[in-house]
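The block underneath contains the structure these notes are about, expressed in structure tokens.
Fair warning: this is a prediction, and the values are worked out from it, not measured in the lab.
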Amino acid sequence: MKKMILSLLVLSSVAHSSELDSLIDTSNAIVDQIDRGIKLVGAAQEYAYTGSGLSDGTLSSTAHISAEQLQAYNNALSGMSTYQAFGDLQTVLEEKAYTELDMMDEAIGVFTEVVVDMIAVQEVAEVAESAASPQEEAEVQTFVESNIEVLTITQEEVDTYNTSLDDIETHANNASAFLAVAGNKEAVEFLEQGIENANTTAEQTNIFYDANSQWVAMGYNTTRNLTAVYLNGQNYGLDLYATEADILALGSESEYYLTGPTAQSYDCFMNETNCVEL
């Protein structure tokens with residue numbers, strides 16, 4: 001089943017990878033010791049040949065290269081075997097997807113809460129639909145009049161419901177788009193070539209999903225050009241757009257729906273009684 005499908009990230013300064021930072025730090029630490037050692041040797045020559053000065057006998061140890069410094073430097077050298085000068089695009093895409101998933105989950109929490117607040121409307125619908133005689137209709141009227149405050153839905157609740165639904169769809173689409181591209185080797189290689197051509201890094205690009213253009217696009221801090229991967233079947237086998245019918249069918253099979261009030265009944269959802277196994 002196909003999945004539904006702007007997080008903007010602009011960095012102004014060049015950032016090194018952790019591997020390169022480690023190599024810089026550890027190599028400079030040893031260079032500093034060697035620099036100090038050379039100075040001590042030069043001073044030793046000057047004082048020894050002229051008899052013009054002495055140390056306290058412990059200065060040489062201050063220029064020693066420690067076992068820890070040696071290990072750290074050699075580890076940094078080994079780490080460069082996996083260093084990616086242009087950054088790690090796949091990781092950037094995945095991290096953007098995880099951010100969108102977190103925002104989607106937050107919006108789902110808001111949606112769930114407001115649905116619970118409004119779900120008494122389902123009890124009204126069930127009671128009204130079951131009224132098959134004037135007497136039962138009168139009972140519906142009594143029920144409504146007796147519970148009018150609880151049954152009333154506010155504009156604020158409706159606004160929260162509508163906004164949370166929009167947010168869920170937006171973040172779900174963003175996450176799905178980023179994960180789909182991240183999982184497509186050819187698409188990642190295409191975007192990586194764009195990064196190299198722009199002489200920048202994946203972490204410094206601006207990657208976003210555009211529903212109107214139906215692509216995941218990448219902008220650069222070094223050029224006004226965009227590099228884009230289409231999600232509508234135009235390239236790399238990425239054809240993500242599902243029909244409304246497919247989306248609703250998938251939703252009707254989801255755990256979220258099957259454990260919700262409309263798939264069960266108001267009484268089952270709220271009171272866990274009169275439940276029917278789905």
query = Hey, is CD1 on Ile148 packed in by over 12 heavy atoms from elsewhere, all under 6.0 Å?
reply = yes
key: Spacing of Ile108 atom CD1 and Glu113 atom CD [to the nearest 0.5 Å]   = 14.0 Å
query = Are the side chain of Thr200 and the backbone of Glu196 linked by a donor-acceptor contact shorter than 3.5 Å?
reply = no
query = Which heavy atom in Tyr230 sits nearest to a heavy atom in Ser213, and how many Å separate them?
reply = CE2-O, 3.5 Å
ask   = Can Tyr256 be reached from Leu101 by stepping across I, L, V, M, F, W or Y side chains whose heavy atoms are under 4.5 Å apart?
value = yes
message = Applying a strict under-4.5 Å side-chain criterion to I, L, V, M, F, W and Y, I'd like to know whether Val41 and Val31 cluster together.
response = no
Glu106: partners by salt bridge (Lys or Arg N to Asp or Glu O under 4.0 Å), with sequence neighbours left out = none
note = Scanning both residues in full, the closest heavy-atom pair of Gln264 with Leu258 reads NE2-O, 3.2 Å
message = Could you tell me if the side chain of Met104 sits less than 4.5 Å from the side chain of Thr170, heavy atoms only?
response = no
message = Donor-acceptor pair, distance only, cut-off 3.5 Å: does the side chain of Gln33 make one with the backbone of Asn28?
response = no
Spatial distance of atom CG (Asn197) from atom CG (Asn225) [nearest 0.5 Å] = 10.0 Å
key: Validation row: Val114, Val110 side chains within 4.5 angstrom (heavy atoms)   = no
request  = Kindly work out whether a path of hydrophobic side-chain contacts (I/L/V/M/F/W/Y, heavy atoms less than 4.5 Å apart) joins Phe111 to Ile153.
outcome  = yes
query = So, Thr142 and Glu139: side-chain donor and acceptor under 3.5 Å apart, yes or no?
reply = no
key: Over all atoms of both residues, closest heavy-atom pair of Leu240 and Ser176   = CD1-O, 4.3 Å
key: Pairwise distance CD(Gln71) to CD(Gln69) - rounded to 0.5 angstrom   = 12.0 Å
inquiry  = Can you tell me if Gln193 has over 12 outside heavy atoms packed within less than 6.0 Å of its CD?
reply    = yes
ask   = Taking NZ, NE, NH1 and NH2 as the nitrogens, is one of them in Lys96 or Glu100 under 4.0 Å from a carboxylate oxygen of the other?
value = no
query = Atom CD1 of Ile195 and atom CG of Leu89: how far apart are they, to the nearest 0.5 Å?
reply = 4.5 Å
ask   = Which distance, rounded to the nearest 0.5 Å, do you find between the CD of Gln90 and the CG of Asn184?
value = 10.5 Å
request  = Verify the distance criterion only: is there a donor paired with an acceptor across the side chains of Thr227 and Tyr220 at less than 3.5 Å?
outcome  = yes
Expected output: side-chain Asn206 to main-chain Gly219 donor-acceptor under 3.5 Å = no
task = Give a yes or no on whether Ile65 and Leu23 share a hydrophobic cluster (residues Ile, Leu, Val, Met, Phe, Trp, Tyr; joining criterion: side-chain heavy atoms under 4.5 Å apart).
result = yes
remark   = In terms of heavy-atom contacts, Met218 and Leu191 come closest through CE-O, 3.1 Å
N/O donor-acceptor pairs under 3.5 Å from side chains in residues 160-168, not counting sequence neighbours:
residue	atom	partner	partner atom	Å
Thr160	OG1	Glu156	O	3.0
Asn162	ND2	Val158	O	3.4
Thr163	OG1	Asp159	O	2.9
Ser164	OG	Thr160	O	3.0
Ser164	OG	Tyr161	O	2.9

remark   = Closest non-hydrogen atoms of Ala76 and Thr26, given as atom of the first, atom of the second and distance, are CB-OG1, 3.4 Å
inquiry  = I'd like to know if the side chain of Glu157 reaches the main chain of Thr154, judged simply by a donor and an acceptor atom lying under 3.5 Å from each other, with no hydrogens or angles considered.
reply    = yes
task = Could you pull out all residues at least two apart from Asp35 that satisfy salt bridge (Lys or Arg N to Asp or Glu O under 4.0 Å)?
result = Lys39
ask   = Within a reach of under 6.0 Å around CD of Gln155, are more than 12 heavy atoms found that belong to other residues, nucleotides or ligands?
value = yes
ask   = Glu203 and Asp88: which non-hydrogen atoms are nearest, and at how many Å?
value = OE2-N, 3.3 Å
ask   = Can you tell me how far the CG atom of Asn235 sits from the CH2 atom of Trp215, to the nearest 0.5 Å?
value = 11.0 Å
inquiry  = Could you tell me if the side chain of Phe269 sits less than 4.5 Å from the side chain of Thr262, heavy atoms only?
reply    = no
ask   = Any side-chain heavy atom of Leu231 sitting closer than 4.5 Å to one from Gln214?
value = no
inquiry  = Do Tyr236 and Val229 make a side-chain contact, defined as non-hydrogen atoms from C-beta onward lying under 4.5 Å apart?
reply    = yes
inquiry  = Using modelled atom types and a 3.5 Å cut-off, is there a donor and acceptor pairing between side-chain atoms of Thr205 and backbone atoms of Ile207?
reply    = no
